[in-house]
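Here the structure comes first, spelled out in structure tokens, and everything after it is commentary.
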Amino acid sequence: MSTLEQASASPMPNGITDPNFRPLPGRVGNLTVPQQHALQTLKNQLHEEGHFVEERMDDPMLLRFLRARRFDVPKAKAMLLAAEQWRQDMKVDDIVRNFDFTEKKQVDQYYPQYYHKIDKDGRPVYIERLGKLNVPALYGVTTKERLLQRLVLEYEKFLTERLPASSAAVGHPAFSLSSFYQVRDYVNEASKIGQDRYPECMGKFYIINAPWGFSAVWSLIKPWLDEVTVSKIEILGSSYQQKLLQDIRAEDLPADLGGMCKCTGGCSLSDAGPWNPDEKTGNGIA
């Protein structure tokens, strides 16, 4: 029996077409016996206490909260229930049904934020461009509250549309995303939403073109983030292209970040990726 088979107490997830796929530890298909027990315990407790939400609380979702709390069931349950209360307070379901970010094109001029295709592991790539941030102009066309509502909507679409489509495209689960992330004004609230309400949704996080003196700014941001999140963040200077191209195909990386992709109308507005197969892109080929 192989080491992987000995370590895994759960079956492989459905829909696997990649014969070389091996789940990362702590994911469906690669759980130790204690991890599988923790998952079942959490699930049973949620059912018994009337907190289980059938349409959302599948095993991958519960495992995200368990991994975020190192499979400590009481801590993972407390985190999950806090996130559920936050969903009600934030009116997340209403945002998903009704929120329309009509100022998207104007915001893109002053603070580009967008998903764009996938990396070599099949993870959706999310990009934010701090270098183009113009705070006075940004808050002339939108508000912090609407930016946070948009953030929530994009997290929900990431879990329900982008991640499943990306997984189908590569033949195995795309567990988390790669991010290029920089900003200040609403970062405190945005980062708490990410790590407390949508845990374990980030695979890698690059801060690129970091200027001299950024270490001082980073020292202020780090306390907002947990240790697991901080461990996934890599700060790159001006010579960042080679590192990005190790993880993302050149044809999928926007040209202004060192790749070859030039989507019709601009990559930041294209929403290009497996979740949007009808979107036409210009990458030097199509």
Side-chain angles (χ1 to χ4, degrees), residues 95 99-117 119 124-158 162 177-198 201-225 229-230 232-241 243-244 247-248 252-259 261-263 265-273:
I95 290 174
F99 182 72
D100 185 9
F101 198 60
T102 54
E103 64 268 40
K104 180 179 180 179
K105 287 187 177 181
Q106 294 99 309
V107 167
D108 184 67
Q109 298 177 51
Y110 310 122
Y111 187 16
Q113 306 164 281
Y114 57 100
Y115 285 90
H116 188 265
K117 302 189 178 182
D119 69 7
V125 175
Y126 179 63
I127 301 171
E128 294 199 9
R129 303 296 301 276
L130 181 61
K132 295 187 177 182
L133 178 61
N134 182 330
V135 175
L138 176 66
Y139 286 136
V141 298
T142 192
T143 65
K144 184 180 75 173
E145 288 70 27
R146 285 186 61 79
L147 286 173
L148 289 171
Q149 288 175 320
R150 181 201 187 186
L151 178 75
V152 169
L153 178 61
E154 291 299 332
Y155 265 122
E156 290 292 313
K157 290 174 66 176
F158 166 74
R162 303 185 198 283
L177 69 158
S178 300
S179 298
F180 308 85
Y181 185 85
Q182 309 170 26
V183 74
R184 174 58 195 259
D185 183 19
Y186 84 123
V187 158
N188 191 8
E189 293 181 55
S191 62
K192 284 188 67 64
I193 288 174
Q195 71 180 18
D196 294 342
R197 314 311 182 195
Y198 300 94
C201 283
M202 180 174 69
K204 296 182 181 179
F205 183 117
Y206 293 116
I207 297 175
I208 64 173
N209 226 356
W212 179 86
F214 180 77
S215 58
V217 177
W218 178 234
S219 67
L220 297 175
I221 296 174
K222 282 176 67 175
W224 299 344
L225 309 173
T229 299
V230 171
K232 297 176 181 179
I233 296 174
E234 188 168 350
I235 300 174
L236 306 176
S238 58
S239 301
Y240 57 81
Q241 287 91 345
K243 179 62 178 177
L244 298 187
D247 291 322
I248 305 171
D252 292 337
L253 184 67
D256 56 359
L257 291 174
C261 188
K262 297 180 180 179
C263 294
C267 291
S268 62
L269 294 173
S270 70
D271 197 23

In Å and rounded to the nearest 0.5 Å, what is the [atom1] to [atom2] distance from [X] to [Y]?
X: Asp256; Y: Ser268; atom1: CG; atom2: OG; value: 8.5 Å
X: Glu156; Y: Leu151; atom1: CD; atom2: CG; value: 10.5 Å
X: Leu244; Y: Ile127; atom1: CG; atom2: CD1; value: 9.0 Å
X: Glu128; Y: Ile208; atom1: CD; atom2: CD1; value: 11.5 Å
X: Lys144; Y: Leu138; atom1: NZ; atom2: CG; value: 12.5 Å
X: Leu257; Y: Gln241; atom1: CG; atom2: CD; value: 8.0 Å

Tell me every residue that passes side chain to side chain donor-acceptor pair (under 3.5 Å) with [X], counting only those two or more places apart in sequence or in another chain.
X: Asn134; answer: none
X: Gln149; answer: none
X: Glu154; answer: Arg162

request  = Would you confirm whether His116, through its side chain, and Asp252, through its main-chain N or O, come within 3.5 Å as a donor-acceptor pair?
outcome  = yes
query = Quick one: does Val141's side chain get under 4.5 Å of Gln109's, heavy atoms only?
reply = no
ask   = Is Phe99 close to Val152 at the side-chain level, that is, under 4.5 Å between some pair of heavy atoms?
value = no
ask   = At their closest point, which heavy atom of Pro254 faces which heavy atom of Tyr114, and how far apart are they?
value = CG-OH, 3.9 Å
query = Which atoms form the tightest heavy-atom contact between Lys243 and Tyr206, and what is the distance?
reply = CE-OH, 3.4 Å
task = Sequence neighbours left out, what passes salt bridge (charged side-chain N to carboxylate O under 4.0 Å, His left out) with Asp108? Give chain and number order.
result = none
Plane angle bin for Phe158 and Tyr115 - parallel if under 30°, tilted between 30 and 60°, otherwise perpendicular = parallel
query = Among all residues two or more places apart in sequence or in another chain, which pass the side chain to side chain contact (heavy atoms under 4.5 Å, CB included) test with Glu103?
reply = Phe101, Gln106, Val107, Thr142, Arg146
